Amino acid sequence: MASKSKNRSTLLQLFIFLSLGIALIYWQYTAMGADDLQRMLEAIKAVNWAWLFPIVIIGFLSHYYRALRWKLLLAPLGITTSTTNTVLAVLIGYLTNSLIPRAGEVARCTVLAKYEDAPADKLIGTIVAERAFDFLCLLLLAAATIILQYDIIYPYVADLGQAVARRFFPDGSGATRYLLAAIIFLVIIAAFIWMYKKIRHSKVGHVIKGIGEGLKAIVLVRQKGRFIVYTLAIWFCYTFILNIAFWAMPALHGIHPLASLSIVVFGSVAMIATPGGIGAYPPIVAGILLAYGLAFPEGNAFGWLSWMVQTGMVLSMGLAALIILPLYNRKRHGQNSAGK
């Protein structure tokens with residue numbers, strides 16, 4: 001009974017978020033004039049699709065490095081997995097997440113538990129640690145984005161933050177950038193602490209506590225240097241893919257290369273708002289690119305292009321992983337049996 005209720009709740013959430021995404025798409029294109037729509041389509045038609053190959057390669061590498069990092073988290077628990085199965089599990093997790101929000105973590109743990117005979121509860125614990133660390137990395141990346149592109153990102157700071165900054169730091173230069181970034185970062189941390197104290201005994205509070213416990217698990221990683229290198233490689237792949245996409249679309253030639261940092265930070269919000277960022281990712285990206293001097297139609301074209309390519313990679317790689325996984329393990333176990 002409880003399982004049926006949970007399934008209904010999951011389907012309802014999926015329906016609500018998917019409906020929101022579709023509503024956003026409808027709102028965008030009914031609000032666009034014929035000229036803007038034509039400019040957007042022309043920007044997409046001008047894309048050099050030869051750049052798709054390196055984008056796919058680097059996209060796969062981001063998943064590969066995530067799998068290698070996950071293996072480092074599993075090692076202290078006495079769990080040793082094959083790299084191939086770990087990579088395939090990660091790809092299936094992303095595929096599931098694009099269809100059912102937040103279900104990918106459970107999916108990749110279930111897959112790895114099945115084919116590597118590992119305890120699923122311990123695997124899920126490492127996912128909590130990984131997600132907590134990624135959230136911390138995103139906060140640090142947001143702070144770095146503000147510092148490195150203060151004059152561009154400044155309009156996107158919250159209204160209250162803008163008012164305070166303009167009053168006390170009118171020039172917005174030098175050490176002021178670091179000070180403002182530090183203040184924003186500390187305010188975010190303080191807000192989380194305050195919220196946690198208010199809700200720590202609720203269901204959400206227990207989730208936050210789990211994230212804290214997950215971060216502690218990273219301390220147990222034996223090869224911390226390699227863990228950091230894999231993390232940097234993952235985030236580098238995320239940003240470099242966007243830079244390649246800039247080269248692929250003529251309308252974005254000459255755009256500031258660090259615009260990719262802003263897109264990664266703000267685009268992450270869109271990916272959470274709707275399943276796979278459908279309907280939300282393109283306008284958010286277009287809004288960001290406005291700050292870099294790109295007109296909205298061309299920015300919207302890039303938003304849709306990058307969303308379609310990312311979604312296409314997730315779906316194609318995930319489906320390929322579903323096919324390869326049983327074949328690989330059948331061959332692997334067959335070789336083990338023959339060896340005995």
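Just so it is clear, the structure is predicted and the values come from calculations on it, not from any experiment.
Atoms CG and CG, from Asp134 and Leu139 in turn, are 11.0 Å apart once rounded to the nearest 0.5 Å. Interatomic distance, CG of Leu61 versus CZ of Phe236, reported as 10.5 Å (0.5 Å rounding). In this structure, Leu138 CG and Arg131 CZ are separated by 11.5 Å, a value rounded to the nearest 0.5 Å. Note: Leu88 CG to Tyr328 OH = 8.5 Å, rounded to the nearest 0.5 Å. A distance of 11.5 Å separates OG of Ser62 from CD1 of Ile57, quoted to the nearest 0.5 Å. Between the CG atom of Leu319 and the CD1 atom of Ile324 there is a distance of 11.0 Å, given to the nearest 0.5 Å.
Each of Ile124 and Phe135 belongs to its own hydrophobic cluster when Ile, Leu, Val, Met, Phe, Trp and Tyr are linked at side-chain heavy-atom distances under 4.5 angstrom. The hydrophobic clustering, which links ILVMFWY residues whose side-chain heavy atoms are closer than 4.5 Å, places Val56 and Trp49 together. Residues Phe266 and Leu242 share a hydrophobic cluster, clusters being chains of Ile/Leu/Val/Met/Phe/Trp/Tyr side chains in contact below 4.5 Å.
Residues Ile79 and Pro119 are in side-chain contact: their nearest non-hydrogen atoms beyond the backbone lie under 4.5 Å apart. Counting only heavy atoms from C-beta outward, the side chains of Met249 and Glu298 never approach each other to under 4.5 Å. Annotation: side chain of Leu91 is not in contact with side chain of Leu95 (no heavy-atom distance under 4.5 Å). By the 4.5 Å heavy-atom criterion applied to side chains, Ile92 and Arg108 are not counted as neighbours. Residues Tyr115 and Pro326 are in side-chain contact: their nearest non-hydrogen atoms beyond the backbone lie under 4.5 Å apart. The shortest distance between side-chain heavy atoms of Leu252 and Leu294 falls below 4.5 Å. Side-chain contact between Leu112 and Leu74 is present, with at least one heavy-atom pair separated by less than 4.5 Å. Under the 4.5 Å side-chain criterion, counting only non-hydrogen atoms from C-beta, Val229 is not in contact with Tyr65.
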Exercise for the section: Could you give me the CA-CA distance, side-chain angles and deciding distance for Phe133 and Phe227, then say whether ring-ring contact (aromatic ring centres under 6.0 Å, His included) is met? Expected result: CA-CA 11 Å; Phe133 189 71; Phe227 185 89; 5.1 Å; yes

Practice task
List the steps, then state whether side-chain contact (heavy atoms from CB on, under 4.5 Å) holds for Leu289 with Ile263.
Solution key: CA-CA 8 Å; Leu289 291 174; Ile263 293 174; 4.1 Å; yes

Exercise for the section: Could you give me the CA-CA distance, side-chain angles and deciding distance for Leu325 and Lys114, then say whether side-chain contact (heavy atoms from CB on, under 4.5 Å) is met? Expected result: CA-CA 11 Å; Leu325 188 68; Lys114 176 182 177 181; over 6 Å; no

Exercise for the section: Check the pair Tyr94 / Met317 against side-chain contact (heavy atoms from CB on, under 4.5 Å), numbers first and verdict last. Expected result: CA-CA 9 Å; Tyr94 274 99; Met317 290 181 187; over 6 Å; no

Handout entry: Steps toward side-chain contact (heavy atoms from CB on, under 4.5 Å) verdict (Ser306, Tyr281)
Key = CA-CA 9 Å; Ser306 56; Tyr281 185 84; 3.2 Å; yes

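Nearest heavy atom pair, residue Ser260 against residue Pro257, reads OG-O, 3.0 Å. Taking all atoms of both residues into account, the shortest heavy-atom contact from Ala301 to Ile44 is CB-CG1, 3.8 Å. Shown here for Thr231 and Cys137, the closest heavy-atom pair between the two residues is CG2-SG, 3.7 Å. Scanning all heavy atoms of the two residues, the minimum distance from Ile55 to Met313 falls at O-SD, 3.8 Å. Looking at every heavy atom in both residues, Leu123 comes nearest to Ala113 through CD1-N, 3.7 Å. Closest non-hydrogen pair, Pro297 versus Met40, comes out as O-CG, 3.4 Å.
With respect to Glu116, the side-chain hydrogen bond (donor to acceptor under 3.5 Å, both in side chains) criterion is satisfied by exactly one of Thr81, Thr80, Asn85: Asn85. A side-chain hydrogen bond (donor to acceptor under 3.5 Å, both in side chains) with Glu42 holds for exactly one of Lys45, Gln38, Arg39; it is Gln38.
Between Tyr238 and Trp235, the ring planes lie perpendicular to each other; the angle is over 60°, past the 30° to 60° tilted range. A perpendicular orientation is assigned to the rings of Trp247 and Phe240, their planes being inclined by more than 60° (bins at 30° and 60°). Aromatic ring orientation, Trp304 versus Trp307: perpendicular (interplanar angle above 60°, classes split at 30° and 60°).
A 6.0 Å sphere centred on CG of Asn48 holds more than 12 heavy atoms belonging to other residues, nucleotides or ligands. Within a 6.0 Å sphere centred on OH of Tyr64, heavy atoms belonging to other residues, nucleotides or ligands number 12 at most.
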